[in-house]
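Structure first, then comments.
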There are 2 protein chains.
Amino acid sequence: MNWDDLRLFLAVARTGSISGAAKQLGVQHSTISRRMRQFEKNLGTRLIERKSGRYELTPAGENVKEVSDRIEREVLGFDGALAGEDAQLVGPLKVAALNNMASSVFMPMFASFNRKRPQIELHIIVANMDVSLPQREADIAIRLTNSPTESLIGKRIVTVASGIYGSRDYLRLLREKGGRPKWIGVECCGFHVTWTKRTSGSQSHNFYCDDTLLTLSAIREGLGISILPCFMGDTDPLLERYCAPDPAYNLGLWVLLHPDLKRSARVLAFRDHMVQEIKEKKDLFEGLRPQAGH
Amino acid sequence: MNWDDLRLFLAVARTGSISGAAKQLGVQHSTISRRMRQFEKNLGTRLIERKSGRYELTPAGENVKEVSDRIEREVLGFDGALAGEDAQLVGPLKVAALNNMASSVFMPMFASFNRKRPQIELHIIVANMDVSLPQREADIAIRLTNSPTESLIGKRIVTVASGIYGSRDYLRLLREKGGRPKWIGVECCGFHVTWTKRTSGSQSHNFYCDDTLLTLSAIREGLGISILPCFMGDTDPLLERYCAPDPAYNLGLWVLLHPDLKRSARVLAFRDHMVQEIKEKKDLFEGLRPQAGH
DNA sequence: AACATAATGTGCATATTTGCACATTATCGG
DNA sequence: CCGATAATGTGCAAATATGCACATTATGTT
């Protein structure tokens with residue numbers, strides 16, 4: 001019996017669907033479907049049954065799930081202990097960061113760390129939702145928040161200011177013709193959604209972006225204005241500030257790690273590197289580098 | 001992390017070598033070697049180290065072995081429970097039998113079971129050493145022994161008589177010329193080794209066989225005489241008995257299963273089938289069918 | 001009932017893993 | 001030290017697993 005099938009079954013049991021498990025494990029749903037069928041065939045019994053639109057566990061499946069839960073705890077326990085004590089500056093390192101930051105301001109920082117420490121395999125995980133450090137989905141998370149999860153270790157390195165940006169052409173036309181600017185709708189995170197709603201009033205949108213990078217592109221296209229972090233708005237030559245940053249938009253930039261990993265040499269090496277690099281760009285993050293011409 | 005790597009690591013930890021683990025798991029040693037290296041790389045730490053001709057565990061490896069032991073217990077626990085309650089006459093069934101019996105007298109019996117129950121996937125495991133039923137290396141074992149493992153369930157179905165056989169030509173020449181016969185050396189099992197030594201006296205051998213099928217072939221070639229079970233000697237037209245079976249050579253033929261599986265429908269179906277088939281050939285096993293012409 | 005969407009299944013191409021054969025290294029005995 | 005054997009490593013072909021694109025089925029809404 002392949003023990004790894006238990007890990008896969010556990011994902012199906014927890015999500016209640018094949019597509020949910022596929023998403024959680026980062027593989028194709030067809031892979032999950034096939035492996036589950038084969039696993040059940042090997043065992044000679046059904047573990048899951050289709051009921052009212054979701055998969056429910058058979059009695060046998062309940063039993064196997066309990067076992068799999070215990071196995072996961074065992075695995076997470078030693079995995080955490082191993083990684084936490086690892087004094088080697090070698091091996092994999094999973095870093096979770098927001099898509100907008102990872103592909104822009106942070107990428108040069110990742111690259112310089114990679115050049116300095118090529119034996120450490122960097123795995124950048126971009127997601128606009130928090131990845132779970134306790135579940136070892138990542139070793140380090142770089143987060144924008146004013147209230148980080150308390151059980152994680154880390155500090156607020158800089159404050160990230162945000163302002164309202166529009167393209168230069170769009171704003172020039174707006175100044176010539178007057179009138180109210182058009183707001184781009186955002187669905188990237190509750191924070192941006194809330195502030196966009198408050199600032200734009202009851203204006204309705206006909207264009208929505210669920211990622212800040214998309215918002216940036218939409219602004220460049222002249223679709224309107226929107227809230228952007230200054231490190232993005234102030235570094236794009238086609239954009240300019242519609243108005244100055246409002247402290248109400250401020251968020252903290254945190255480099256967080258799980259307590260289990262506080263002695264892992266490569267995690268600490270990466271953290272220290274990022275802290276230093278971020279501090280060197282403190283002005284940019286805090287909105288003190290507006291573009292010339294504003 | 002692939003949980004199945006833990007199962008593989010456990011085999012290496014227990015056998016102290018890559019080739020040992022490969023043999024235990026039934027895969028190529030190169031597969032073990034590669035997967036272990038990759039597993040260690042993924043973990044970022046060494047689990048095994050080469051010391052005086054064997055692999056020993058690092059401290060981290062000791063920790064992971066304990067976890068893997070516990071996981072194995074979990075897996076064997078539910079696997080046993082699942083299989084034991086399985087009322088389906090479908091799925092895999094692993095049968096362990098000696099090579100000489102599996103390929104001769106039992107094969108027609110396996111075949112008839114397979115024709116009767118094609119939904120049951122028969123896996124015949126031949127080995128001249130006991131495979132472990134508690135470790136689920138097999139579901140059923142057919143064994144020749146006078147003292148089966150007490151914790152297993154099963155009974156002695158027939159007695160297997162053995163006699164000393166030689167080829168017809170060899171024995172005819174021996175009778176014409178007189179003299180003492182030459183004994184073929186055996187290394188197949190302690191039982192045969194002991195009785196060969198006692199019966200042949202201090203005669204030394206220059207030809208050894210470590211499998212009864214090999215012994216049969218050597219006898220056919222006229223290399224000498226040797227002890228063979230009657231079901232083998234009495235069914236080969238080129239062989240005849242050098243002397244009658246000696247009850248001292250008798251062994252019991254047992255069909256054994258693990259207590260966990262005493263309610264598994266397909267295990268019981270196979271057991272019942274074999275018991276019936278073996279009883280139908282009781283005379284042959286007990287040496288009551290000598291060849292005509294003896 | 002019709003339609004849209006989500007979830008699952010299937011065929012085929014691609015990627016990955018494994019077996020095989022040979023090479024290299026390590027160990028043991030003379 | 002040398003030779004034989006056992007254990008491990010490597011390149012390549014074969015086998016297996018997975019991703020992708022599409023098909024089919026299931027579910028929810030109008």
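What you see below is based on every heavy atom in this structure, not just the backbone, and it leaves out hydrogens, waters and symmetry mates. From a predicted model like this one, the values you see are computed outputs, not experimental measurements. So that the names make sense, note that chain A is the first sequence line, chain B the second, and so on, each numbered from 1.
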>> So, using salt bridge (charged side-chain N to carboxylate O under 4.0 Å, His left out) as the criterion, who are the partners of B:Asp4 when residues are at least two apart?
In response: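 Partners of B:Asp4 under the salt bridge (charged side-chain N to carboxylate O under 4.0 Å, His left out) test: B:Arg7, B:Arg35.
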>> Going by the rule salt bridge (charged side-chain N to carboxylate O under 4.0 Å, His left out), which residues pair with B:Arg37 if we only count those two or more places apart in sequence or in a different chain?
In response: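 Per chain and number, B:Arg37 pairs via salt bridge (charged side-chain N to carboxylate O under 4.0 Å, His left out) with B:Glu40.
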> What is the distance from atom CG of B:Leu57 to atom CZ of B:Arg14, rounded to the nearest 0.5 Å?
Replying inline: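 It is 11.5 Å, given to the nearest 0.5 Å.
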> Taking all non-hydrogen atoms of both residues, which atom of A:Gln24 and which atom of A:Ala11 are closest, and how far apart?
Replying inline: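 Shortest heavy-atom contact: OE1-CB, 3.7 Å.
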> What is the minimum heavy-atom distance between A:Phe106 and A:Ala97, and which atoms define it?
Replying inline: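 Reported closest heavy-atom pair: CD1-CB, 4.4 Å.
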> Mind checking which nucleotides bracket the chain A contacts on DNA chain D, 5' to 3', with an atom under 4.0 Å from a heavy atom?
Replying inline: D:dT18 to D:dT27
>> Restricting to ring pair (Phe, Tyr, Trp, His ring centres under 6.0 Å), what partner residues turn up for B:Phe39, sequence neighbours left out?
In response: none
Protein-nucleotide distance ([X], atom [atom1]; [N], atom [atom2]), rounded to Å:
X       : N      : atom1 : atom2 : answer
B:Tyr55 : C:dT27 : OH    : C1'   : 14 Å
A:Ile18 : C:dA6  : CD1   : C1'   : 13 Å
A:Arg54 : C:dA6  : CZ    : C1'   : 15 Å

>> Using five base pairs at each end to define the local axes, how bent is the helix from C:dA1-D:dT30 to C:dG30-D:dC1, to the nearest 10°?
In response: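 That helix gives 40° between its end axes.
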> Would you say B:Arg35 reaches C:dT18's phosphate, i.e. side-chain N/O to OP1/OP2 under 4.0 Å?
Replying inline: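 True: B:Arg35 side-chain N/O within range (under 4.0 Å) of C:dT18 OP1/OP2.
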>> Please compare A:Arg34 and B:Gly20 by the position of their nearest nucleotide in DNA chain D and report the one closer to 5'.
In response: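 The residue closer to the strand's 5' end, by nearest nucleotide, is B:Gly20.
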>> If you take any heavy atom closer than 4.0 Å to DNA chain D, which residues from residues 24-31 of chain A end up in contact?
In response: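 Contacts with DNA chain D under 4.0 Å: A:Val27, A:Gln28, A:Ser30, A:Thr31.
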> For the side chain of A:Thr15 and the backbone of A:Ala21, is there at least one donor-acceptor N/O pair under 3.5 Å apart?
Replying inline: yes
> So, B:Ser68 side chain and B:Val64 main chain: donor-acceptor pair closer than 3.5 Å or not?
Replying inline: yes
>> With a 4.5 Å cut-off on side-chain heavy atoms, are A:Leu6 and A:Ile71 touching?
In response: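 Contact flag for A:Ile71/A:Leu6 side chains = yes.
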> Is it true that A:Asp69 and A:Lys65 have a side-chain N and a carboxylate O under 4.0 angstrom from each other?
Replying inline: yes
